[in-house]
Trainee: 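Sharing a structure below in C-alpha cells format, with a few things to ask.
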Amino acid sequence: MDRRESLKSIVLGSLAGSFALSCKGELEEQELAVIADGATVYGRTAEEKAIDEQLYAEQFFNEHEMDTLRVLCALILPANSEFGSATDAGSPDFIEFMAKDYPAFQQRLRGGLMWLDHESNIRFEKEFKFLEELNQKQLLDGIAYYDYDTPSSKRPFEVNFFSLVRNLTLTGYFTSEMGIKDLGYKGNTPNVWDGVPQEVLDKHGVSYEKEWLAKCIDQSKRADLAQWDDEGNLLT
Amino acid sequence: MQIKESSKVYDVIIVGSGAGGGMATKVLSEAGLKVAVVEAGPFYDPANPEQSTQLKWPYESPRRGANTRRAFGDFDALYGGWDIKGEPYTVAEGTEFNWFRARMLGGRTNHWGRISLRFSQRDFKHKDIDGLGENWPIGYEDVKPYYDKVDKLIGLFGSKENLENEPDGFFLPPPKPRLHELFYIKGARKSNIPVIPSRMSMVTKKINDDRGVCFYCGQCNRSCQVYADFSSGSCLIFPAQKNGGQIDMYVNAMVREVLTDEEGRATGVSYINKEDRKEYSLKGKVVVLAASACSSARILLNSKSKQHPNGLGNSSDVVGRYLHDSTGASRAAFIPELMNRDVSYNEDGVGGMHVYTPWWGDHSKLDFARGYHIEVWGGMGMPGYGFGFNPNDLNRFFGEKIGGYGEHLRDDVKKYYGSVLGMSGRGEAIARKDNYCEIDPSVVDEWGIPVLRFNYKWSDQEIKQTKHMQDTFEEIIHNMGGIALGDKPGAANNYGLTKPGEIIHEVGTTRMGNDPKTSVVNKFQQLHEADNVFIVDAGPFVSQADKNPTWTILALSWRTSDYIVQQLKAQNI
C-alpha cells in the first residue's frame with residue numbers, strides 16, 4: 001500500500017468511526033478528496049529543491065568516516081528485540097546530510113572522529129571501528145557522561161563531540177519511521193480530538209470540570225452549519 | 001529607464017495579500033470593483049500538493065524539519081523569514097530590531113498562531129487610564145460590528161466569558177484541554193490567575209461551504225489544505241475569486257512606491273517584476289497599502305514627489321514612528337507528574353494551545369503599565385529536528401547520571417516525553433515616537449529600492465512587565481508541582497525580554513488620529529495628505545494591547561473597505 005492509499009484508509013477509518021452518529025456524509029467527502037491527493041513531495045519551492053539536490057549530490061564524510069559513524073550510532077542506540085538500531089533507522093545518513101546543510105557541524109564532527117581513532121590507536125592499537133565492542137565501550141565510557149552544572153563551553157572537546165553525535169543520532173532515530181513507531185506517537189493523522197481518555201486523567205490525578213466541558217465542542221455536531229442568535233449564542 | 005505602463009485602470013490597487021490585503025480584496029471585489037492585488041512573493045495555495053507541508057512526516061525532510069532553510073523549519077508554511085536574500089534592512093547602532101517578513105500570497109497568515117483576540121474599549125482608550133501613549137480616535141463601539149462580521153465570516157473558537165477586557169464574539173465551540181493544560185489550569189488557579197478556553201481561528205465546526213472542518217493535526221503553522229484555519233489566501237482571496245470578483249493577481253511583484261499626480265493624489269503604484277527584473281506601473285483610482293506595518297511605511301517614505309518631498313503622507317514626520325512590537329518572555333518547566341505518559345492516544349489537537357490566560361492584573365499594585373496574556377505549550381507532539389537532544393538532562397533531578405549510550409536512552413526519551421510544559425507571556429509595549437523605522441540613505445535592496453533602518457529600544461515599562469511575567473511563571477510552575485528549567489532570567493538580560501520585532505506583532509508606523517500633525521491616517525485609515533490612499537495593515541494601530549493584532553487588522557480592513565466603497569459611490573474620492 002503506498003502512502004496515499006494508507007492515508008486514505010486512515011482517514012476513512014478514523015472519521016467513519018467518529019461520524020457513526022452523524023447522518024451527514026458531506027464533511028468526510030470534502031476532507032478526503034483533498035487529502036487523498038497529497039503527493040509524496042514535502043512542499044519545496046524550486047529554490048529549495050535545488051538546494052536539497054545539491055546537498056544530496058555532495059559527499060562530506062569519506063567512507064571510513066561513514067563506517068565509523070555507523071558503528072557509533074549503533075552503539076549509542078543499539079537494536080533491541082522490537083526495533084533496529086539508530087544505524088538501521090538511518091541516523092548516519094542523516095548526520096551526513098546535516099553536516100552539509102549546517103557546515104558549523106563539519107569540523108566538530110570530523111575532528112571528533114579523528115580524535116576517536118587517535119585515542120583508539122593509542123589505547124588499543126586499532127582504529128575505533130575495528131575494536132572489539134568491549135573496547136569501544138571502554139573508550140566511550142570516558143566521554144559519554146557529563147556534569148550538567150558545567151557549561152558545555154567548559155567541558156572537554158571529546159565530551160561535547162560525543163554529545164553532539166548522541167543528539168543527532170537520537171533525533172535521526174526518533175524522526176524516522178521506526179523511531180516514531182518505537183516512541184508510540186499516535187498523531188499526524190486526521191482524527192477528531194475529544195479530550196484526554198478517562199484512564200489517562202485518572203492515572204495523572206486530574207479531571208475535567210463540568211462547566212468547562214459544557215463550553216467545548218460536541219463533536220457529533222461538527223458537521224452542522226454554525227448559526228448564532230444576535231447575542232452570539234450558538235444555536236446549532 | 002523606461003517604465004512599462006499598463007493601460008488598464010483599476011478601481012483599487014491593493015499592495016500585499018496578508019490579513020489586511022486579503023480582507024480588502026474580498027470586500028472591495030465583492031462590491032463589484034476592479035481590483036489588482038500586488039504581492040511581493042509567489043502564489044501559494046496550501047491545497048496545492050506541490051506546496052503543502054501538512055501531514056508530512058519528519059523523515060520526508062532530509063533535515064528532519066530543521067530550520068536551516070526556513071525560519072521556523074522545513075514544514076512551516078512560510079516563505080520569507082528574518083533574513084531575505086537580496087532584501088536587507090539595517091539597524092541603528094545601539095538599538096535592536098528583528099524584522100520578520102513574508103513573501104507569498106497570504107503573507108504571514110499562512111503560518112501564524114491564529115490567536116484571535118478582540119481589543120476592548122480599554123485597549124482603544126488606554127491613555128485615559130494611565131496617561132501613556134495615545135488614545136485611538138475610534139472606540140470599541142466603532143469596531144465591534146466588524147469584529148462580529150469577521151467572526152462569522154472567518155470563524156474562531158472560544159467561549160463567552162463576560163470579561164470586560166476580553167469582549168466576547170460569535171464563537172465556535174473550543175476543543176477540550178489537553179493533559180498538560182489541565183495541569184496549567186490547576187497551577188494558575190491556585191494563584192487566582194484566570195484560565196479560559198483559547199480564542200483561535202480554526203474552524204471546529206462547519207462555517208460555510210468554502211471551508212473544511214478541523215481534523216486536529218496540530219499543524220496550523222503548515223497552513224491547512226482543507227482551509228480549516230484562517231489564512232488570507234484560502235479564506236478570503238480564493239473565495240472572493242470564486243464569487244466572481246474581478247481580481248488581477250500580480251505575484252512576485254515588489255512595490256517600490258505610490259505614484260502621485262500634480263495634486264498629490266495617488267494615480268497607482270510602481271513595482272519591480274521579480275521575474276524579469278523590470279519596473280512596471282499600474283494605474284488605480286484608489287491605492288490600499290497592506291504590505292505590513294513597516295513595509296507600508298517604507299513604501300510611503302520612498303514615494304517622494306514634488307508634492308510629497310518628505311515621502312507620501314509624511315509632512316508630519318510621523319511615518320515610521322511609534323513602531324512597537326509585543327513584549328515576550330518564556331519559561332519552561334519539568335512536571336514530574338507528567339512523566340511516563342500513556343502514548344495510546346493522539347493529542348495533537350489544534351495547532352497551539354487549547355487554553356490561555358488573559359491579562360488579569362491590578363495596576364494599583366503593579367510597577368509597570370499595561371498587561372500581558374500567557375500562552376501555554378507542551379504535550380506529546382510529533383518528533384522533529386531537536387527531539388531527543390540531551391535526552392536525560394532531567395536525570396539531574398533524581399541524582400542519576402547524565403549522558404551515556406545504549407538501550408537506556410530509549411527509556412529515557414520515553415520517560416520524559418510530554419513531561420515539559422512551557423509558558424510564554426505576550427504583552428503590550430508603549431508606543432513611542434523615538435522607536436521608529438526610516439529609510440537608510442546608503443543601502444538599497446537588489447530591486448534598487450532604498451531599505452529600512454530600525455531604531456528601537458525597550459523602556460523600563462516593558463522590562464518591569466517582563467520581570468512580572470517571570471515571577472508569575474515561577475509561581476505557576478511551583479503550584480503545578482513543577483521544576484522551572486534553566487536559570488531565571490534576571491536584570492542583566494532584561495528578564496528574558498525578547499528583542500523588539502521578535503514576537504512579530506510590529507505595529508504603529510502609520511498611526512491613526514484626528515490631527516494630521518501627529519498622525520498619518522484618519523479614523524478610516526485614509527491618508528490625511530492623499531485621500532485616495534488607505535492603509536489596512538497594522539501600521540495605523542495607535543496602541544497594540546496585549547492582544548495579537550490580526551483580528552483587529554481584519555476588522556479595521558473591512559471597515560475601511562466599506563468606507564472606500566461608500567466614498568467611491570459618493571464620488572468623494
Side-chain angles (χ1 to χ4, degrees), chain A residues 27 30-31 34-35 37-39 41-43 45 48 51-52 75-78 80 94 97-98 101-102 140 144-146 148 166-167 170-171 174-177 180 183-188 190-197 200 203-204 206 208 213 215-217 222-226 228 232 234, chain B residues 47 49-53 55-64 68-69 159-160 168-170 172-176 179 182 197 204-207 212-213 215-217 225-226 337 342-343 345-346 348-349 382-389 391 393 396 401-407 409 413-414:
Chain A
L27 200 58
Q30 187 183 342
E31 293 185 0
V34 183
I35 296 160
D37 276 345
V41 293
Y42 73 110
T45 63
E48 289 168 334
I51 290 168
D52 280 6
L75 283 164
I76 289 171
L77 204 66
N80 63 16
F94 164 65
F97 189 89
M98 287 313 297
D101 196 40
Y102 185 66
L140 294 188
Y145 299 89
Y146 56 90
Y148 180 83
R166 178 174 46 222
N167 284 346
L170 291 182
T171 270
F174 283 106
T175 56
S176 72
E177 205 170 351
I180 289 169
L183 182 69
Y185 168 71
K186 296 293 187 298
N188 195 34
N191 74 110
V192 177
W193 166 256
D194 203 21
V196 181
V200 176
K203 177 182 164 185
H204 294 277
V206 285
Y208 283 120
L213 285 187
K215 297 172 183 171
C216 294
I217 177 82
R222 68 200 290 270
D224 302 345
L225 187 71
W228 300 266
L234 188 70
Chain B
E50 292 291 326
Q51 294 183 304
S52 175
T53 52
L55 295 176
K56 301 297 176 193
W57 291 99
Y59 45 84
E60 293 181 70
S61 148
R63 57 187 66 76
R64 309 295 164 91
T68 49
R69 302 293 159 184
S159 56
K160 293 187 88 167
D168 294 327
F170 290 77
L172 302 168
K176 292 177 187 171
L179 184 62
L182 292 173
T204 53
K205 185 177 172 74
K206 187 176 167 72
I207 188 155
V213 175
F215 55 75
Y216 302 98
C217 69
Q225 57 190 296
V226 304
E337 285 182 64
D342 179 334
V343 295
Y345 71 105
N346 172 355
D348 284 348
M382 176 157 52
Y385 183 86
F387 186 93
F389 276 23
D393 270 6
R396 66 187 184 277
K401 272 170 119 177
I402 297 170
Y405 57 91
E407 176 67 16
L409 292 179
V413 166
K414 292 176 188 174

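In what follows, every heavy atom counts, from backbone to side chain, and hydrogens, waters and symmetry copies are set aside. Order of the sequence lines fixes the chain letters, A, B, ..., with proteins taken first and strands second; residue numbering starts at 1 for each chain. This structure is a prediction, so every number in the text was calculated from the model and none was measured.
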Trainee: For a quick test of reading the model, state the closest non-hydrogen atom pair linking B/G388 to A/T171 and the distance between them.
Mentor: N-OG1, 4.5 Å
Trainee: Test side chain to side chain contact (heavy atoms under 4.5 Å, CB included) on A/N167 and B/F387 and set out the steps.
Mentor: CA-CA 8 Å; A/N167 284 346; B/F387 186 93; over 6 Å; no
Trainee: Give, as side chain, backbone, both or neither, the part of A/L234 having an atom under 4.5 angstrom from any heavy atom of chain B.
Mentor: side chain
Trainee: Give the intermediate values and the outcome of side chain to side chain contact (heavy atoms under 4.5 Å, CB included) for residues A/R166 and B/L409.
Mentor: CA-CA 10 Å; A/R166 178 174 46 222; B/L409 292 179; 3.9 Å; yes
Trainee: Is chain B contacted by the side chain of A/I180, its backbone, both, or neither, given a heavy-atom distance below 4.5 Å?
Mentor: side chain
Trainee: What part of A/K215 gets within 4.5 angstrom of chain B, counting heavy atoms only: side chain, backbone, both, or neither?
Mentor: both
Trainee: Side chain, backbone, both or neither: which part of B/D348 has a non-hydrogen atom closer than 4.5 Å to chain A?
Mentor: side chain
Trainee: Most heavy-atom pairs under 4.5 angstrom with chain A, which of B/P391, B/P58, B/P174?
Mentor: B/P174
Trainee: At a heavy-atom separation under 4.5 Å, does B/Q51 approach chain A through its side chain, its backbone, both, or neither?
Mentor: backbone
Trainee: Nearest heavy-atom pair of A/A144 and B/Y405: which atoms, and what distance?
Mentor: CB-CD2, 3.7 Å
Trainee: If we only count heavy atoms from C-beta on, is the A/S176 to B/R64 side-chain gap below 4.5 Å?
Mentor: yes
Trainee: Tell me, yes or no, whether the heavy-atom count around B/F389 atom CZ, taken from other residues, nucleotides or ligands under 6.0 Å, exceeds 12.
Mentor: yes
Trainee: Taking all atoms of both residues into account, what is the closest heavy-atom pair of B/Y216 and A/V192, and its distance?
Mentor: CD1-CA, 3.9 Å
Trainee: Would a 4.5 Å heavy-atom cut-off, applied to side chains only, mark B/L179 and A/V206 as touching?
Mentor: yes
Trainee: How far apart are the closest heavy atoms of A/G187 and B/W57, and which atoms are they?
Mentor: O-CH2, 3.6 Å
Trainee: Quick check on A/L183 against chain B: is it the side chain, the backbone, both or neither that has a heavy atom closer than 4.5 Å?
Mentor: both
Trainee: Determine, for A/D101 against B/R69, whether the closest basic-nitrogen to carboxylate-oxygen distance falls under 4.0 angstrom.
Mentor: yes
Trainee: Applying side chain to side chain donor-acceptor pair (under 3.5 Å), name anything that partners B/D168, two or more places apart in sequence or on another chain.
Mentor: B/R199
Trainee: Taking the six-membered ring of A/F97 (Phe, Tyr or Trp), confirm whether the NZ or CZ of B/R63 is under 6.0 Å from its centre and within 45° of its axis.
Mentor: no
Trainee: Please say whether the positively charged group of B/K56, taken as NZ for Lys or CZ for Arg, lies over the ring of A/Y42, i.e. under 6.0 angstrom from the six-membered ring centre and within 45 degrees of the axis.
Mentor: no
Trainee: Does some side-chain heavy atom of A/L225 sit less than 4.5 Å from a side-chain heavy atom of B/I207?
Mentor: no
Trainee: Test side chain to side chain contact (heavy atoms under 4.5 Å, CB included) on B/Y385 and A/M98; report intermediate values, then the result.
Mentor: CA-CA 10 Å; B/Y385 183 86; A/M98 287 313 297; 3.7 Å; yes
Trainee: Show the nearest heavy-atom pair for residues B/K205 and A/A226, with the distance to one decimal.
Mentor: CE-CA, 4.1 Å
Trainee: Can you name the ring-ring contact (aromatic ring centres under 6.0 Å, His included) partners of B/Y345, sequence neighbours left out?
Mentor: none
Trainee: Side chains of A/K186 and B/V343: does their closest heavy-atom pair fall under 4.5 Å?
Mentor: yes
Trainee: Find out whether A/Y148 and B/I402 are in side-chain contact, i.e. whether some heavy atom of one side chain is under 4.5 Å from a heavy atom of the other.
Mentor: yes
Trainee: Work out which heavy atom in B/L55 is nearest to a heavy atom in A/N188; give both atom names and the distance.
Mentor: CA-OD1, 3.2 Å
Trainee: At a heavy-atom distance under 4.5 Å, which candidate from B/P383, B/G403, B/P62, B/G386 has the highest pair count against chain A?
Mentor: B/P62
Trainee: So, are A/D194 and B/K176 salt-bridged, with charged N and O less than 4.0 Å apart?
Mentor: yes
Trainee: Heavy-atom distances under 4.5 Å only: say whether A/E48 touches chain B with side chain, backbone, both or neither.
Mentor: side chain
Trainee: Non-hydrogen atoms of chain A under 4.5 Å away: do they reach the side chain of B/T204, the backbone, both or neither?
Mentor: both
Trainee: Check whether A/Y146 gets within reach of chain B through its side chain, its backbone, both or neither, counting any heavy atom under 4.5 Å.
Mentor: both
Trainee: A quick test of your reading: do over 12 heavy atoms of other residues, nucleotides or ligands sit less than 6.0 Å from CD of B/E407?
Mentor: yes
Trainee: When only pairs under 4.5 Å are counted, which of A/L77, A/L140, A/N80, A/L75 shares the most heavy-atom pairs with chain B?
Mentor: A/N80
Trainee: Supply the atom-to-atom distance B/C217 SG to A/N191 CG, rounded to the nearest 0.5 angstrom.
Mentor: 8.5 Å
